[in-house]
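Report on the following structure.
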Amino acid sequence: MPELPEVETIVRNLNAASLPGKTVTGANIYWRKIIANLSPGEFIQKITNRTIVKLRRRAKFIILDLDNSSQLLVHLRMSGRLYLGPTSATRNKHEHVILHLNDNRDLRFYDTRKFGRMILTKNPDTILQNLGPEPLSDEFTVKQFITMLKSKTRQLKPLLLDQTFIAGLGNIYTDEALWRARLHPLTIAATLTPYKISTLHTAIRFVLQQGIDNQGTSLGDGQSNFASAENRRGNNARNLMVFRRTDQECPRCGTKIKRIIIGQRSTHICPKCQKHP
DNA sequence: TTTGGTGTTTCGAG
DNA sequence: CCTCGAAACACCAA
């Protein structure tokens, strides 16, 4: 569920709630597989008494920089949430890791499907160095995007979902960006003209920024659905033009939106606006 | 009640 | 290098 805009929203929430500067006084682990690289005992020993210096996002990772130059990487995968609350609050059964802070609050990791992961390490680059560029950064230019795409023989949809190619896109924003750029998701990357690449570049940045501006996309209202660190739903669902709008009208041309499967992922297109070349 | 689908990532086989 | 299928797990809608 959480893609770049949702993760960015959570990071901004936690920064606004003054998580940086707080010290971890202890931890509880209720599902050991969430901690990907350490045993529960090692994790608790290494995180206790560490102060959180800085909080930021890279791709879909939430990164907590700690005062001994180690970092805690948090990946929410499908259904993870991260939020602050009073230590006195009763534990929800989906809260799998709880960090106690020195201000009577907890940082709690909640995840109905238990796919999310936390990694505490002094060598985060072994994970982060494989990630593609940040699509909203100044370094991600049309010129660079042209270079990235021209050698790729893959289909656009699986390519854009590949975090080693470009960071932060997931199923929702990929479908939305391809619709805006009027590109069929099965188009082979290397066949794009520089003009179409420029269009796609603009579309990707537009849908991600719009998602951030609206504090993320929440569909449905189940326990696995996106909620910010302030336990609020995102407002971006109203801006979705194709995603999960099967059989509804394309906002641009009125044609009924189709749902197809590409790379085992549900994919939504307007068959008139997005022609398969 | 049972089934199929879910916004992610990783792994191995071909 | 690329594609596919499966797996990790719980929930929800049909």
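As the structure is a computational prediction, the values presented were derived from the model and not from experiment. Letters A, B, ... are given to chains in the order of the sequence lines, protein chains preceding strands, and every chain is numbered from 1. All heavy atoms count here, side chains included; hydrogens, waters and symmetry mates do not.
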- Query: When all nucleic acid strands are considered with a 4.0 Å heavy-atom cut-off, which category describes A/Thr153: base, sugar-phosphate, or nothing?
  - Reply: sugar-phosphate
- Query: A/His268 NE2 to B/dT6 P: how many Å, rounded?
  - Reply: 7 Å
- Interatomic distance, A/Asn214 CG vs B/dG7 C1' [rounded to whole Å]: 17 Å
- Query: Nearest to the side chain of A/Asn171, which nucleotide is it out of C/dC11, B/dT8, C/dT3?
  - Reply: B/dT8
- Output yes when at least one side-chain N/O atom of A/His75 is less than 4.0 Å from OP1 or OP2 of B/dT8, else no. no
- Query: Whole-Å distance between B/dG7 C1' and A/Glu176 CD?
  - Reply: 12 Å
- Message: For B/dT6 and A/Arg259 - does any side-chain N or O of the residue sit under 4.0 Å from the phosphate oxygens OP1/OP2?
- Response: yes
- Taking the side chain of A/Trp31 as heavy atoms from C-beta outward, which of C/dC11, B/dG7, C/dC9 is closest to it? C/dC9
- Identify whether any heavy atom of A/Leu76 sits under 4.0 Å from a base atom; if not, whether one sits that close to sugar-phosphate; answer base, sugar-phosphate or nothing. nothing
- From A/Glu176 atom CD to A/His268 atom NE2, the distance as rounded to the nearest 0.5 Å: 9.5 Å
- Would you kindly say whether A/Thr141 and A/Gln144 are connected by a side-chain donor-acceptor distance under 3.5 Å? no
- Query: Which comes earlier along DNA chain C counting from the 5' end, the contact point of A/Ser151 or that of A/Arg117, where each point is its nearest nucleotide?
  - Reply: A/Ser151
- Note on the structure: Between A/Lys114 and A/Lys152, whichever has its closest DNA chain C nucleotide further toward 5' is A/Lys152
- Query: How many Å lie between CG on A/Asp221 and C1' on C/dA13, as a whole number?
  - Reply: 12 Å
- Message: Looking at B/dT8, I'd like to know if its phosphate oxygens (OP1 or OP2) sit under 4.0 Å from a side-chain N or O belonging to A/Lys60.
- Response: yes
- Task: Check whether any side-chain nitrogen or oxygen of A/His94 sits under 4.0 Å from OP1 or OP2 of C/dC11, and answer yes or no.
- Result: yes
- Note on the structure: Here the distance between atom P of C/dA10 and atom CD1 of A/Ile34, to the nearest Å, is 10 Å
- Mind running salt bridge (Lys or Arg N to Asp or Glu O under 4.0 Å) on A/Asp111 and A/Arg77 for me, showing each step along the way? CA-CA 9 Å; A/Asp111 190 355; A/Arg77 292 279 183 96; over 6 Å; no
- Establish, yes or no, whether the cationic atom of A/Arg205 lies under 6.0 Å from the six-membered ring centre of A/Phe140 and within 45° of the ring axis. no
- Message: Counting the atoms with a prime plus P, OP1 and OP2 as sugar-phosphate, which does A/Asn225 contact under 4.0 Å by heavy atoms, base, sugar-phosphate, or nothing?
- Response: base
- Message: When you measure from the centre of the six-membered ring of A/Tyr30, is the NZ or CZ of A/Arg91 closer than 6.0 Å and no more than 45° off the axis?
- Response: yes
- When the P atoms of C/dA6 and B/dG4 are considered, how many whole Å apart are they? 13 Å
- Message: Taking 5.5 Å and 30° as the limits, would you call A/Phe226 and the base of B/dG7 a stacked pair?
- Response: no
- Atom CE of A/Met78 and atom C1' of B/dT9 are separated, to the nearest Å, by 10 Å
- Query: Would you say A/Ser224 reaches C/dC11's phosphate, i.e. side-chain N/O to OP1/OP2 under 4.0 Å?
  - Reply: no
- Check: A/Arg154 side chain, C/dT3 base, donor-acceptor under 3.5 Å: no
- Message: Looking at C/dA10, which nucleotide sits across from it as a Watson-Crick or G-U wobble partner, both distances under 3.5 angstrom, or is there none?
- Response: B/dT6
- Task: Flag the pair A/Asp67 and A/Arg50 as a salt bridge only when some basic side-chain nitrogen lies within less than 4.0 angstrom of an acidic carboxylate oxygen.
- Result: yes
- Query: Is any N or O donor-acceptor pair between the side chain of A/Gln264 and the base of C/dG5 shorter than 3.5 Å?
  - Reply: yes
- OP1 or OP2 of B/dT10 sitting under 4.0 Å from any side-chain N/O of A/Arg77? no
- Message: If I take atom CZ in residue A/Arg113 and atom P in nucleotide C/dA7, what distance separates them, rounded to the nearest angstrom?
- Response: 14 Å
- Tell whether A/Arg244 reaches the base of B/dG7 with its side chain through a donor-acceptor pair below 3.5 angstrom. yes
- Message: It should be established whether A/Gln163 places a side-chain nitrogen or oxygen under 4.0 Å from OP1 or OP2 of nucleotide B/dT8.
- Response: no
- Query: Distance from A/Ile98 atom CD1 to A/Thr87 atom OG1, nearest 0.5 Å?
  - Reply: 9.0 Å
- Spacing between A/Met148 atom CE and C/dC1 atom P, to the nearest angstrom: 15 Å
- Item | Nearest-Å distance once atom C1' is located in both C/dC1 and B/dT8 | 22 Å
